[in-house]
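Notes follow once the structure below has been shown.
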Protein chains: 2
Amino acid sequence: MATIDDVAKSAGVSKSTVSNVFSQKRPISKEVSERVLEAARELNYKPNYWARSLANKETRIIGLNMEGEKVKFGQFRMALLNGVLQECYDRGNRLLVNMLPKHFTNRLENWSSDPIDGEILLDPMVRDPRIEERVASGIPIVVIGKPPESHESTVSYVSSDNVGAGRRVTEYLIGLGHRNILFLNAPKHRTVSHERLDGYRRALETAGLSVDTRLLVYRDEGFESSEEYGYITAKRLLYARPSITAIITDTDKIARGVYQAAEELGLIIPRDLSVFAFSLETAYGTELQPPVSSMRLNGELLGSEAAKMLLDQCASKTPVVRRVIIPWELILRDSCAPVKVFL
Amino acid sequence: MATIDDVAKSAGVSKSTVSNVFSQKRPISKEVSERVLEAARELNYKPNYWARSLANKETRIIGLNMEGEKVKFGQFRMALLNGVLQECYDRGNRLLVNMLPKHFTNRLENWSSDPIDGEILLDPMVRDPRIEERVASGIPIVVIGKPPESHESTVSYVSSDNVGAGRRVTEYLIGLGHRNILFLNAPKHRTVSHERLDGYRRALETAGLSVDTRLLVYRDEGFESSEEYGYITAKRLLYARPSITAIITDTDKIARGVYQAAEELGLIIPRDLSVFAFSLETAYGTELQPPVSSMRLNGELLGSEAAKMLLDQCASKTPVVRRVIIPWELILRDSCAPVKVFL
DNA sequence: CTGTTAGCGCATTCAC
DNA sequence: GTGAATGCGCTAACAG
């Protein structure tokens, strides 16, 4: 690969002239410029990205960081990714998907700063070392979701209105007459689970109902799949507590497991059991029979807003902490019905 | 941000010692090593990625290149991405999603080599400047899909068996009695459209039928959405040529438009019109009523195989051209039926 | 408008 | 085992 020196020599000019022809950071006479470009073409020369970054202290790359092992993109994350990419596209940035295994990053030889100008963090946790580390290093970050309390006032974020969503769903089910609503929440270490629970609580309290902690379950990572988790947990609890008439799940994949459990227990959805899923891993919620009611979370907007905030933050020298809350939309399909009345 | 010099000074050793403590490229006494690490911790030092890359001539980043404007990830691309990421994860590589607008890369100041060790190219075209450019620069690439003929023997690729798929689908429809099968193919400039057409042709010829070129349509980019393209094209052609009893579409989104056209023309699927979609943008093909028959293309395997090939290629000093063909699976749902017999 | 010089932060010869 | 010098390819500050 040819270097800037080769081009300079070949065009009979200095390195800095070549550099400036490319960077356009100061005017070069048309004549010289053409000569340089011609030489560059001949030598198949392109400025070296790393060298440029090293000197510029800027990469024009932002990172997308997903916590956990073997995280896959599902429908929601994909929408989010599309939003981020759209913004990157519009502003000439690249996106680095940052998902390295711990057994890798833990090894000394793989230690290093990240090759990015800033990073978007997904799935914030109640105690999130990623955030602490970025803040300590002074790397601009934007969190998607609610940051842990310790950083809520110092870190920019964009989040769905999870408290409101939790509340709205619960109110809806209460309105249908449900009193024993099982909540198969997200994992306890994720901040989102606390927000949703908060909404759930408030709805119950507003309705004058008390919260039965036995109906509160956090997703536990020990299961092989979401479906299995939903299936096993629902089956166990529906069996132990037949008074349950409705279930709120974290995702539609978990709902899928719940559907299966219901079927095996001879419960018909929605006649005997109402099911609601917060977020959708699949596109239309129609792969289940009946289609499951859910929230539309607008991942694309979450993503594009986050990217926008991050890129602004990278650009400005005096960054400001910003927050954006993205509204959800309640999508009613056919999985919830008024509670059965025993005559 | 602290540099290697700061750490060296603070630990009372030389730069190279610090370097070697981190890179582990040669033994450092435990004592000195600890002292260096301690100093690094105090200063919050991490080796600088760009500087390291510059010296190492290696980034441990691979790129994913998608052609075209405003490309979004749909279901298929997402599966593909997951496969690529899985492999990156296992081998400690990062993924750079490379999707910069032309009006950006065309500007001189944004010209540069890409900050990657190698690249995966999606959606190869019949004449693909991306490939020529990479080959000229000596950057390792792997194409997903069939490369243009000019490079078929020099570039590694992994592809679905598109010819076989085209053939199989057509045979299936012929077997149902269809004789006038409209083919809403992928865009003409994509190699995949030619492969599928090839299969379509062979099936017809084997059955002793002739190819009616008026039933061959290539996707044209002039439409706002896939749905609209499917809708308008199907409506026009179904109206003009009522003898059409079956339609093969590129994707399920296009099929969605076809469904709409059929409905407006009073055609019932599959009674009056059979519809088949090659690839699925949505997860289950169930968002359409009736669910559309399609191919399962195994995007995840395509992605992981491509990443594997690419990383191998980056590692070896004497790269070999490899090809992998991923089998498809025919998924029959309820959108195709035997052709109506007029009594 | 163009050339010269001195870094950016790290890795890699060599010596010791 | 450790240290000093040189270079990776480019940009920037200062001359002219």
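The chains referred to below are lettered A, B, ... by the order of the sequence lines, with proteins before strands, and numbering in each begins at 1. Computed from a predicted structure; not experimentally measured.
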Among [options], which nucleotide sits nearest the side chain of [X]?
| X | options | answer |
| --- | --- | --- |
| B:Ile28 | D:dT2, C:dC10, C:dC8 | D:dT2 |
| B:Thr3 | C:dG9, D:dG3, C:dT4 | C:dG9 |
| A:Ser29 | C:dC1, C:dG9, D:dA13 | C:dC1 |
| B:Ala51 | D:dC10, C:dC10, C:dT12 | C:dC10 |
| A:Val32 | C:dT2, D:dC10, C:dT13 | C:dT2 |
| B:Leu54 | C:dA11, D:dG9, C:dC8 | D:dG9 |

Just checking [X]: base, sugar-phosphate only, or nothing, at a heavy-atom cut-off of under 4.0 Å?
| X | answer |
| --- | --- |
| B:Tyr49 | nothing |
| B:Asp5 | nothing |
| A:Lys30 | nothing |
| B:Lys15 | base |
| A:Val18 | nothing |
| A:Phe22 | nothing |

**Asked** If you round to the nearest 0.5 Å, how far is CG of A:Leu81 from NZ of B:Lys72?
**Response**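 If we round to the nearest 0.5 Å, B:Lys72:NZ and A:Leu81:CG are 11.0 Å apart.
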**Request:** With side-chain contact (heavy atoms from CB on, under 4.5 Å) as the test, would you mind laying out the steps for B:Asn98 and B:Leu64 before giving the verdict?
**Result:** CA-CA 6 Å; B:Asn98 228 350; B:Leu64 182 66; over 6 Å; no
**Item:** Salt-bridge present (A:Asp312, A:Arg91; N to O < 4.0 Å)
**Value:** yes
**Under 3.5 Å donor-acceptor pair, A:Arg52 side-chain atoms to D:dT11 base atoms** = no
**Asked** When only distance counts, do a donor and an acceptor, one from the side chain of A:Ser16 and one from the base of C:dG3, lie under 3.5 Å apart?
**Response** yes
**Request:** Evaluate the criterion side chain to side chain donor-acceptor pair (under 3.5 Å) for residue pair B:Gln86 and B:Asp90; output intermediate values, then yes/no.
**Result:** CA-CA 6 Å; B:Gln86 177 63 52; B:Asp90 291 344; 3.1 Å; yes
**Complete:** Whichever of B:Ala55 and B:Thr17 has the more 5' nearest nucleotide on DNA chain D, that residue is B:Thr17
